[in-house]
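Below is one structure, written out as structure tokens, with a few remarks after it.
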Amino acid sequence: MYRLFRPLLFRLDAERAHRLTLAAARLVQPLAPWLVAPFFKEEHPALAVQCWGLTFPNPVGLAAGLDKNARLVRFWEALGFGFVEVGSVSARPSRGNPRPRLFRLPEDRALINRMGLNNDGAERVARRLRRLRHRRPLGINLAKTHDPNILGEAAVADFCESFRLLAPLADYVTLNISCPNTAEGKTFEDPDALDALLRAIFAVRRELDLSVPVLLKLSPPPSSRTVFDSQLEEIVEVARAHGIAGFVATNTASDREGLRTDPEALARIGPGGLSGRPLAARARCLLFYLYRLTEGKLPLISVGGIDSAEEAYRRIRAGASLVQLYTGLIYEGPGLVRRIKQGLVRRLEQDGFDSVQAAIGIDA
Ligand SMILES: Cc1cc2nc3c(=O)[nH]c(=O)nc-3n(C[C@H](O)[C@H](O)[C@H](O)COP(=O)(O)O)c2cc1C
């Protein structure tokens with residue numbers, strides 16, 4: 001069905017197509033348990049994953065950025081996602097960057113976006129989530145308010161404000177310290193700044209008497225480099241010292257290496273985060289590295305260029321407990337979730353594993 005609609009959608013400006021699709025999903029959402037779930041939501045017991053004391057009915061989740069304002073959680077559940085990560089949400093609302101800010105690179109099966117953390121702000125999203133009855137694990141992704149004047153201690157306070165409002169409503173919280181679309185840069189990927197941030201976040205968590213798992217979302221390594229720098233090791237060390245429960249790897253990339261798209265077209269598009277298939281090798285590489293660095297003790301969510309069961313299975317074998325999708329959905333359509341789940345069950349059976357859990361990290 002999506003194959004029929006896709007050429008029409010792809011004729012529209014990318015963000016307009018995006019908004020149209022999401023508006024249609026909102027219309028359908030109240031009836032999704034009857035209209036959508038019967039076709040998409042079947043679950044195989046071998047796909048269930050236990051993480052942080054939560055049961056994920058399958059390891060395929062929605063990546064942050066597609067449902068920034070948590071408007072469609074029940075729709076994603078009906079599509080068969082095992083979990084949903086909403087956000088990024090920031091303490092203050094933001095309209096994001098001027099349009100156009102989302103671009104397709106069909107030759108590369110990729111997207112470039114400089115959305116700029118457009119979202120309704122923590123208070124409105126918290127109000128929405130308080131009314132929500134979700135059935136599958138819900139992650140809330142937090143980012144600093146999109147304002148280059150909020151820096152240093154003010155940036156820490158800004159993160160703490162959204163954490164205070166939203167952490168009580170989350171099954172896990174992801175701190176997005178790796179958004180490439182901010183004027184001030186990725187300031188919390190500096191180990192000292194990260195140390196200050198995590199000290200403050202965990203103090204708020206203790207004050208609220210919460211045990212919600214806190215994860216960190218990291219940037220991809222540059223594609224030309226397979227050896228990682230000591231800064232990443234330091235980041236992981238600082239994160240573990242504070243009790244970070246896992247990592248989400250990876251966010252979009254700022255460089256344009258190895259793309260088929262005409263360089264002139266890329267120059268016209270301008271800056272933004274690259275997502276989709278060109279990220280796959282890097283995301284895999286970072287996953288292997290993180291799994292080794294953490295001795296397989298911290299659950300890892302792998303994201304970046306997953307658009308098939310084969311790729312999802314590779315990530316699980318490389319050490320991912322869970323995977324997430326974004327750009328793959330734009331190119332493959334919503335049926336991708338079901339196809340990945342069916343393909344995973346087949347591959348697990350072929351390789352003699354009785355569950356996803358048994359295959360995690362087997363190649364690491
Ligand atoms: C349009 C767009 C908006 C995004 N917004 C966010 C965001 O708000 N927060 C975040 O942590 N990641 C965001 N991401 C990154 C995705 O969650 C994901 O890490 C990245 O796209 C790589 O996965 P993919 O190749 O499957 O798309 C966004 C990605 C896209 C394409």
Side-chain angles (χ1 to χ4, degrees), residues 13-19 21-22 60-70 76 81 83-90 93-94 96-97 99-105 108-122 125 139-146 159 162 172-182 186 188-189 215-220 223 247-254 259 269 272-284 286-287 300-308 311-312 315 320 322-332 336-337 340:
D13 156 74
E15 187 167 348
R16 176 174 275 200
H18 218 66
R19 293 171 84 92
T21 317
L22 295 184
V60 186
L62 180 78
L66 192 48
D67 193 3
K68 290 176 191 280
N69 295 317
W76 308 121
F81 280 106
F83 65 109
V84 177
E85 187 168 316
V86 298
S88 293
V89 188
S90 51
S94 168
N97 291 321
R99 291 187 208 172
R101 53 192 181 174
L102 179 62
F103 309 87
R104 302 184 197 92
L105 312 182
D108 288 297
R109 294 238 151 198
L111 296 172
I112 288 177
N113 90 83
R114 50 169 174 274
M115 303 302 287
L117 296 170
N118 53 314
N119 75 95
D120 288 348
V125 174
I140 305 183
N141 179 306
L142 305 180
K144 186 188 82 68
T145 298
H146 187 50
F159 251 119
S162 52
Y172 74 84
V173 171
T174 301
L175 303 178
N176 176 9
I177 57 163
S178 50
C179 176
N181 299 314
T182 57
K186 295 178 264 183
F188 286 114
E189 279 191 309
L215 281 64
L216 271 192
K217 185 157 180 180
L218 300 174
S219 294
S223 62
F247 294 94
V248 184
T250 152
N251 214 318
T252 53
S254 303
L259 297 181
I269 288 173
L274 172 75
S275 61
R277 210 174 268 176
L279 267 189
R282 285 193 249 180
R284 234 183 278 131
L286 180 57
L287 174 65
L300 304 173
I301 303 183
S302 188
V303 50
I306 299 175
D307 59 4
S308 65
E311 189 57 35
R315 302 294 171 95
L322 302 164
V323 298
Q324 289 177 333
L325 317 175
Y326 190 140
T327 306
L329 272 183
I330 308 299
Y331 284 95
E332 299 292 326
L336 178 64
V337 187
I340 290 182

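Every value quoted in this text rests on a predicted model; they were computed, and no experiment measured them. Order of listing sets the numbers, starting from 1, for every ligand and every atom in it.
- If you check which protein heavy atom lies closest to atom 8 (O) of ligand 1, you get K68 NZ, 2.9 Å.
- At the top of the distance list for atom 7 (C) of ligand 1, counting protein heavy atoms only, stands S88 OG, 3.5 Å.
- Here is the list of ligand 1 atoms found below 4.0 Å of a heavy atom in V303: 18 (C), 19 (O), 22 (C), 23 (O).
- Distance alone, capped at 3.5 Å, places no donor-acceptor pair between the R282 side chain and the G304 backbone.
- Side-chain contact between E311 and V323: absent, with no pair of heavy atoms (C-beta onward) separated by less than 4.5 Å.
- Residue-ligand proximity, N141 to ligand 1, at heavy-atom distances under 4.0 Å covers atoms 10 (C), 11 (O).
- Contacts between K217 and ligand 1, counted as non-hydrogen atom pairs separated by less than 4.0 Å, involve the side chain only.
- Looking at R277 against ligand 1, nothing comes within 4.0 Å, counting heavy atoms.
- Remark: ligand 1 and G276 share an N or O pair separated by less than 3.5 Å (distance only, no angle test).
- Which parts of ligand 1 touch N251 is read off a 4.0 Å heavy-atom cut-off, strictly below it: atoms 11 (O), 12 (N), 15 (C), 19 (O).
- Close approach of ligand 1 to G305 (heavy-atom distance below 4.0 Å) involves ligand atoms 24 (P), 25 (O), 26 (O).
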> What do the steps show when you test I301 against Y172 for side-chain contact (heavy atoms from CB on, under 4.5 Å), and what is the final call?
Replying inline: CA-CA 12 Å; I301 303 183; Y172 74 84; 4.0 Å; yes

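- Looking only at heavy atoms of the protein, atom 20 (C) of ligand 1 is closest to T252 CG2, 3.8 Å.
- Contact of the L274 side chain with the T252 side chain is not registered, since no non-hydrogen atoms from C-beta on lie closer than 4.5 Å.
- Contact annotation: the side chain of I330 never approaches that of T21 to less than 4.5 Å [non-hydrogen atoms, C-beta and beyond].
- Remark: minimum distance from atom 21 (O) of ligand 1 to any protein heavy atom is reached at S275 CB, 3.2 Å.
- Closest to atom 6 (C) of ligand 1, if we only count protein heavy atoms, is G65 CA, 3.5 Å.
- Numbered from 1 in the order shown, with element, the atoms of ligand 1 that lie under 4.0 Å from a heavy atom of G304 read 22 (C), 23 (O), 24 (P), 25 (O).
- Considering backbone and side-chain N/O atoms, Q324 never comes within less than 3.5 Å of an N/O atom of ligand 1.
- Counting heavy atoms from C-beta outward, N141 and V248 have side chains that stay 4.5 Å or more apart.
- At a heavy-atom distance under 4.0 Å, atoms from both the backbone and the side chain of T327 approach ligand 1.
- Residue, atom and distance of the protein heavy atom nearest to atom 13 (C) of ligand 1 are A64 O, 3.3 Å.
- Of the possible polar contacts, one joining the Y331 side chain to the A110 backbone as a donor-acceptor pair under 3.5 Å is found.
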>> Using side-chain contact (heavy atoms from CB on, under 4.5 Å), reason through L102 and D13 one step at a time and then give a plain yes or no.
In response: CA-CA 8 Å; L102 179 62; D13 156 74; over 6 Å; no

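- The protein non-hydrogen atom at the shortest distance from atom 1 (C) of ligand 1 is Y326 OH, 3.2 Å.
- The closest approach between a heavy atom of T250 and any atom of ligand 1 is below 4.0 Å.
- Per-residue contacts place L102 under 4.0 angstrom from the following atoms of ligand 1 (heavy atoms of the residue considered): 1 (C).
- Side-chain polar atoms of S219 and N251 form no donor-acceptor pair below 3.5 angstrom.
- At distances below 3.5 Å, not a single donor-acceptor pair connects side-chain atoms of T174 with backbone N or O atoms of N176.
- The shortest distance between side-chain heavy atoms of V303 and L279 does not fall below 4.5 Å.
- Every side chain to side chain donor-acceptor pair (under 3.5 Å) that S90 has, sequence neighbours left out, goes to N119.
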